[in-house]
Amino acid sequence: MAEARALLGARVTHAGVTVRVTEVEAYGGAGDPASHAGRGPTPRSAVMFGPPDVLYVYLSYGMHHCANVVVGPEGDAAAVLLRAGEVIDGHAIARQRRGPVPDVALARGPACLGQALALTVADSGTSLRGGPVALRRSHPPASARTGPRVGVSKAADRPWRLWLPGESTVSAYRRSPRAPAR
DNA sequence: ATTCGGATAAGG
DNA sequence: CTTATCCGAATT
């Protein structure tokens with residue numbers, strides 16, 4: 001999970017909007033039943049099996065675009081879902097895409113973040129180094145909180161959701177209604 | 001607290 | 001073909 005932690009505070013820029021990442025969630029490959037890669041490669045998840053520092057975007061529930069950063073070495077199929085962030089540049093453009101929501105909600109939630117940055121499945125597989133989508137890692141965060149993953153029905157209790165403490169752009173924790181009760 | 005939307009993939 | 005899913009908005 002060191003890769004996930006290192007992405008907290010990173011900046012992602014695309015299409016006129018820059019976001020500072022405040023919340024992430026880690027997904028493994030084989031052996032992680034909640035991961036799209038957990039049961040072998042599919043056309044959708046193929047990029048997770050490729051080299052790191054590549055964007056993996058998937059369409060959730062037929063309408064939301066969620067962005068991940070592929071992190072493992074080639075063949076490992078690990079990725080980090082960008083769950084939330086703070087828009088630090090391009091507010092007007094982001095609000096145009098997201099509607100009249102408060103600034104703190106512009107990229108709160110994985111689908112909102114994807115929409116604010118105008119990422120779609122067409123961007124899946126693009127490199128984050130020198131491509132149209134730029135990822136700038138920052139100094140590792142001084143502190144980070146961890147907790148169970150959100151929205152997954154299997155293996156939700158692996159503490160693989162990480163966020164920066166005291167950030168108002170972090171989404172409120174809400175356990176998946178289908179996850180087994182604790 | 002519940003419903004819906006509607007791509008992708010797995011199971012029957 | 002049927003069911004489930006890394007979600008969010010709009011409803012009750």
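Quick caveat: nothing in here was measured; it's all calculated off a predicted structure. Residue numbers begin at 1 in each chain, while the letters A, B, ... track the order of the sequences.
Counting to the nearest Å, the P atom of B/dT8 and the CZ atom of A/Arg39 are 16 Å from each other. Going from atom CG of A/Leu59 over to atom C1' of C/dC7 covers 11 Å, rounded to whole Å. Taking atom CE on A/Met48 and atom C1' on C/dC6, their separation rounds to 10 Å, with Å as the unit. The distance from atom OH of A/Tyr61 to atom P of C/dA4 is 11 Å, rounded to the nearest whole Å. Protein atom NZ of A/Lys154 is 12 Å distant from nucleotide atom C1' of C/dT3, rounded to whole Å. Rounded to whole Å, atom P of C/dC6 lies 8 Å from atom CZ of A/Arg44. Here the P atom of nucleotide C/dC6 and the CE atom of A/Met63 are 15 Å apart, to the nearest Å. A straight line from CG of A/Leu119 to P of C/dC6 spans 20 Å, rounded to a whole angstrom.
Backbone-only contact: A/Ala111 has heavy atoms under 4.0 Å from sugar-phosphate atoms and none from a base. Using a 4.0 Å heavy-atom cutoff across all strands shown, A/Leu81 reaches at least one base atom of the nucleic acid.
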*So what's the dot-bracket for DNA chain B: Watson-Crick or G-U pairs under 3.5 Å, [ ] if a pair crosses, | if it pairs off-strand?*
|||||.|||||.

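In this structure, A/Glu3 contributes its side chain and A/Gly72 its backbone to no donor-acceptor pair below 3.5 Å. In this structure a side-chain-to-backbone donor-acceptor pair under 3.5 Å is present from A/His14 to A/Leu117. Checking side-chain atoms of A/Ser35 against main-chain N and O of A/Gly28 turns up a donor-acceptor pair under 3.5 Å.
Note on A/Leu7: it does not cluster hydrophobically with A/Val47, by side-chain heavy-atom contacts below 4.5 Å among ILVMFWY residues. Under the 4.5 Å side-chain contact rule for hydrophobic residues, A/Leu82 and A/Val170 do not share a cluster.
One finds no side-chain N or O of A/Ser60 lying less than 4.0 angstrom from the OP1 or OP2 phosphate oxygen of C/dT5.
Counting distance only, with no hydrogens placed and no angle test, the side-chain atoms of A/His64 and the base atoms of B/dG5 include a donor-acceptor pair under 3.5 Å. The base of C/dC6 sits within donor-acceptor range of the side chain of A/Tyr58, with an N or O pair under 3.5 Å.
Screening residues 127-146 of chain A for side-chain hydrogen bond (donor to acceptor under 3.5 Å, both in side chains), with sequence neighbours left out, gives A/Asp53-A/Arg129, A/Asp53-A/Arg137. Among residue pairs with one or both ends in residues 84-95 of chain A, those qualifying as side-chain hydrogen bond (donor to acceptor under 3.5 Å, both in side chains) are A/Arg20-A/Glu86, A/Arg95-A/Asp103; sequence neighbours excluded.
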